[in-house]
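Worth knowing before you read on, the calculation uses all heavy atoms, side chains too, and leaves out hydrogens, waters and symmetry mates. Sequence lines set the chain letters: A, B, ... in the order given, protein chains first and strands last, and positions in each chain run from 1. From a predicted model like this one, the values you see are computed outputs, not experimental measurements.
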Amino acid sequence: MTQFSYEIKDAAGIRARPAGLLVKLAGTFQSDISIECGEKKASAKKLFAVMGMGIKCGSAVTVTAEGADESEAAKQLEAFFKENL
Amino acid sequence: MFGFGKKKNGSVLVAAASGTVINVDALTDEVFSKKILGDGYAVKPENGTIVSPADGKIIDVQDSHHAYGIQTNDGLELLVHIGIDTVSLNGEGFTPCVKNGDKVKAGQALCEVDLGKIQAAGIPPIPLCLSQILTR
């Protein structure tokens, strides 16, 4: 299991556009990818699950990748968050 | 006013708004023009009533009421996203007609949009409503 935490810096939080790109990226990996924020946890591969979390600016999220390509997944996803959120 | 039906994977969807259809390829936002969220179409609306494209259930309503997720009775997931970057309006100009968990019918109003307010805020009026089929 590989994890990283990140604090959302984008003023609009995780809205449709970055959520869509995140879900698309997460979908390219074999590993199960989940995103956690406070008490809520959802699969990062499902758009409405991610959008439904309503993650706002300043929220701390933890992303967990579990599977064969988890290191690569975590690395690319962390880079994605830094660049987009 | 023109409404029309489109067939996708055997399901019939009604247009999410009355107006002129615009191909998503023409949109400047890549997430939509490159169909990252799935295939879909944009509509330049004639009026502010945005409707559900199919019978189903509301599975997501964004706080700013500019995007609605619908799971159709056929199992498709549709995203009706009103405008681009409209999240920045924080709900101003959007009056939701449904909430998360509601059952809806094709053609039932999801949201009333004050088109004047959106345009006054500088949001390009063109893709005011996108219906994307989310690829599973």
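- With values rounded to the nearest 0.5 angstrom, Met51(A) atom CE is found 10.5 Å from Asp63(B) atom CG.
- Crowding of Lys34(B) atom NZ: a count of heavy atoms from other residues, nucleotides or ligands under 6.0 Å not exceeding 12.
- Contacts between Asp29(B) and chain A at a heavy-atom distance below 4.5 Å involve the side chain alone, from C-beta outward.
- The distance from atom CZ of Phe48(A) to atom CD1 of Ile59(B), rounded to the nearest 0.5 Å, is 5.0 Å.
- Residue pairs meeting the side-chain hydrogen bond (donor to acceptor under 3.5 Å, both in side chains) criterion with at least one partner in residues 28-45 of chain A, sequence neighbours excluded, are Ser31(A)-Asp69(A).
- Within the model, atoms CZ of Arg17(A) and NE2 of His81(B) stand 8.0 Å from one another, a figure rounded to the nearest 0.5 Å.
- A donor-acceptor pair under 3.5 Å is absent between the side-chain atoms of Gln62(B) and the main chain of Arg15(A), judged by distance alone.
- For the atom pair CD1 (Ile36(B)) and CG (Leu21(A)), the distance works out to 4.5 Å, reported to the nearest 0.5 Å.
- Closest approach of Val87(B) and Ala12(A) over heavy atoms only: CG1-CB, 4.1 Å.
- Each side-chain hydrogen bond (donor to acceptor under 3.5 Å, both in side chains) pair with one or both residues in residues 75-85 of chain A, not counting sequence neighbours, appears once here: Glu72(A)-Gln76(A).
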